[in-house]
Amino acid sequence: MDRNAKVAVTLGDPAGVGPEVIVKALAALPSEERRDFVIIGNVEALERADRVSGTGLKFGPADAPGDDRIAVDEVPLSAALPEIGKVSPVAGDASVRYITRAVDLAISGQADVIVTAPINKEAMNLAGHHHDGHTGLLAHLTGSKSSFMLLASERLNTIHVSTHISLKGAIERAKTERVLATIEAGHRHFLRLGKKARIAVAGLNPHCGENGLFGTEDMEFLAPAVEQARANGIDVVGPISADTVFARAYNGAFDLVIAQYHDQGHIPIKLVAFETAVNVSLGLPIDRVSVDHGTAFDIAGTGKANHVNMLSAIAYARLMARSPRREM
């Protein structure tokens, strides 16, 4: 990453582990690298996290940080700082306003990439922000028709045709147009990172439907998407039965798997890279990387939160910041 590239880190739900993993991750970085970061959130929440984590960091205004202070773009809370470890509409509202501010910075060019700490969907909805999570909220804030969730790790990468909808809704969404768009989004992303990906499409039904015995969606919708993508010059095969394709990808046969729904892609990633996999939003006019875990209210405030996943998100964000966007 260029020295002057800026990474905006959103605090996440201030009642969760987000503030703790942020301060621990920044404390693990060399002091000179911390100048590349601005935290979107509240100094009070960060100082509380610093006390329980014992990192010894100092925080200051984003427009005038001291030499040894982490820059903070302060976003006022609607009420007092919420109690840690509790679902709160105040925290839910704050988490949305942190993201909104970060998007403004990215769109205006003041931030090169956003890294997001976890939010709580229940708290967000209690505050009147009715989105399915970061993915839907970011699409809304950027005016994007849709976005795609990529889970990235060292040996396994998967991008999802659908994410936070019911299984019935996911089946209905697995149509040729959406599957093709997902393939193309993954292909573009890997090209941006300097690689033409070997892509496999996971089947929707058991054994890809066994020629219609267990459903016809794989033949009717997924196979045509693969054929069209191949005609467009993309290195893609499938559909391949989901019970084998992820193992094959993990062992090196493919760089990216197209998962048809949330759990199909999340389960294998979390099995093999629970602490290091990161969530990347594709299809947006801005770059965003996130940790791939939740608010962990049960351990928030105890100092036990593991910051390894945040370090992975920061590393991937830096990779994106130095990789220019490109078309297929």
Side-chain angles (χ1 to χ4, degrees), residues 1 3-84 88 90-120 123 134 137-138 141 286-291 295 300-301 303 305 307 309-311 313-314 317-318 321:
M1 186 176 70
R3 284 300 306 137
N4 60 353
K6 183 65 70 174
V7 180
V9 184
T10 60
L11 198 65
D13 189 304
V17 296
E20 293 173 54
V21 298
I22 290 170
V23 299
K24 287 182 177 181
L26 292 181
L29 297 176
S31 58
E32 64 272 12
E33 292 187 17
R34 298 174 197 152
R35 299 171 192 160
D36 295 330
F37 296 85
V38 58
I39 301 175
I40 314 299
N42 307 100
V43 169
E44 185 181 5
L46 289 163
E47 290 177 339
R48 180 170 70 179
D50 177 73
R51 286 193 295 272
V52 301
S53 303
T55 52
L57 296 178
K58 297 179 181 179
F59 310 93
D63 56 352
D67 289 341
D68 61 347
R69 292 190 295 174
I70 307 295
V72 180
D73 191 326
E74 185 81 21
V75 177
L77 296 166
S78 61
L81 184 66
E83 181 181 355
I84 204 159
S88 161
V90 174
D93 180 65
S95 65
V96 171
R97 289 192 287 120
Y98 301 152
I99 298 161
T100 302
R101 174 61 178 157
V103 168
D104 289 342
L105 292 179
I107 289 176
S108 66
Q110 297 176 72
D112 297 280
V113 60
I114 297 171
V115 174
T116 57
I119 60 176
N120 182 276
H134 272 115
L137 176 59
L138 288 165
L141 291 172
I286 62 173
D287 290 331
R288 175 259 181 170
V289 183
S290 179
V291 294
T295 49
H307 62 288
N309 201 230
M310 177 56 75
L311 284 172
I314 287 171
R318 286 171 155 171

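For the numbers below, each heavy atom of this structure counts, side chains included, while hydrogens, waters and symmetry mates do not.
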Practice task
Look up atom CG in Leu26 and atom CD1 in Ile314, then write down how far apart they are to the nearest 0.5 Å.
Solution key: 5.5 Å
Practice task
Taking all non-hydrogen atoms of both residues into account, name the closest pair between Leu311 and Ala25 and its distance.
Solution key: CD2-O, 3.6 Å
Practice task
Kindly state each residue pair satisfying salt bridge (charged side-chain N to carboxylate O under 4.0 Å, His left out) with at least one member in residues 45-61, sequence neighbours excluded.
Solution key: Lys58-Asp68
Handout entry: Side chain Asn120, main chain Ala123, donor-acceptor under 3.5 Å
Key = yes
Hey, can you pull the donor-acceptor pairs under 3.5 Å for the side chains in residues 8-19, sequence neighbours left out?
{"from": "Asp13", "atom 1": "OD1", "to": "Ala15", "atom 2": "N", "distance (Å)": "2.8"}

Exercise for the section: Please examine the side chains of Val21 and Asn309, heavy atoms only from C-beta on, and report whether any two atoms are closer than 4.5 Å. Expected result: no
Practice task
Please name all residues satisfying side chain to side chain donor-acceptor pair (under 3.5 Å) with Thr295, sequence neighbours left out, ordered by chain then number.
Solution key: none
Problem - Taking every non-hydrogen atom, the tightest pair across Pro82 and Leu77 - result: CD-CD1, 4.3 Å
Problem - For Ser53, all residues meeting side chain to side chain donor-acceptor pair (under 3.5 Å), sequence neighbours excluded - result: none
Practice task
Working to the nearest 0.5 Å, report the span between CD1 of Ile40 and OG1 of Thr100.
Solution key: 11.0 Å
Problem - Interatomic spacing from CG in Leu46 to CD1 in Ile39 - rounded to 0.5 Å - result: 4.5 Å
Practice task
Could you check if a side-chain atom of Ile84 sits within less than 4.5 angstrom of a side-chain atom of Glu20, using non-hydrogen atoms only?
Solution key: yes
Exercise for the section: Heavy atoms only: give me the nearest Pro61-Arg69 pair and the separation to one decimal. Expected result: CD-NH1, 3.7 Å
Handout entry: Side-chain (Asp112) to main-chain (Val7) donor-acceptor, under 3.5 angstrom
Key = no
Exercise for the section: Could you tell me which residues satisfy side chain to side chain donor-acceptor pair (under 3.5 Å) with Thr116, sequence neighbours excluded, listed by chain and number? Expected result: Arg288, Ser290
Problem - Beyond-backbone contact of Leu57 with Arg34, side-chain heavy atoms, under 4.5 angstrom - result: yes
Handout entry: Side chain proximity check, Leu29 to Phe37, heavy atoms < 4.5 angstrom
Key = yes
Exercise for the section: Verify, without hydrogens or angle tests, whether Glu74 (side chain) and Val43 (backbone) share a donor-acceptor contact under 3.5 angstrom. Expected result: yes
Exercise for the section: Mark yes or no for whether Asn42, through its side chain, and Val75, through its backbone, hold a donor-acceptor pair below 3.5 Å. Expected result: yes
Exercise for the section: Identify the two heavy atoms, one from Val23 and one from Phe59, that lie closest to each other, and give their separation to 0.1 Å. Expected result: CG1-CZ, 3.8 Å
Problem - Nearest non-hydrogen partners of Val291 and Ala313, listed with the distance - result: N-CB, 4.1 Å
Handout entry: Inter- and intrachain pairs under salt bridge (charged side-chain N to carboxylate O under 4.0 Å, His left out), touching residues 92-104, at least two apart
Key = Asp73-Arg101, Asp93-Arg97
Practice task
State, to 0.1 Å, how close Val52 and Gly301 come at their nearest heavy-atom pair, and which atoms those are.
Solution key: CG1-O, 3.6 Å
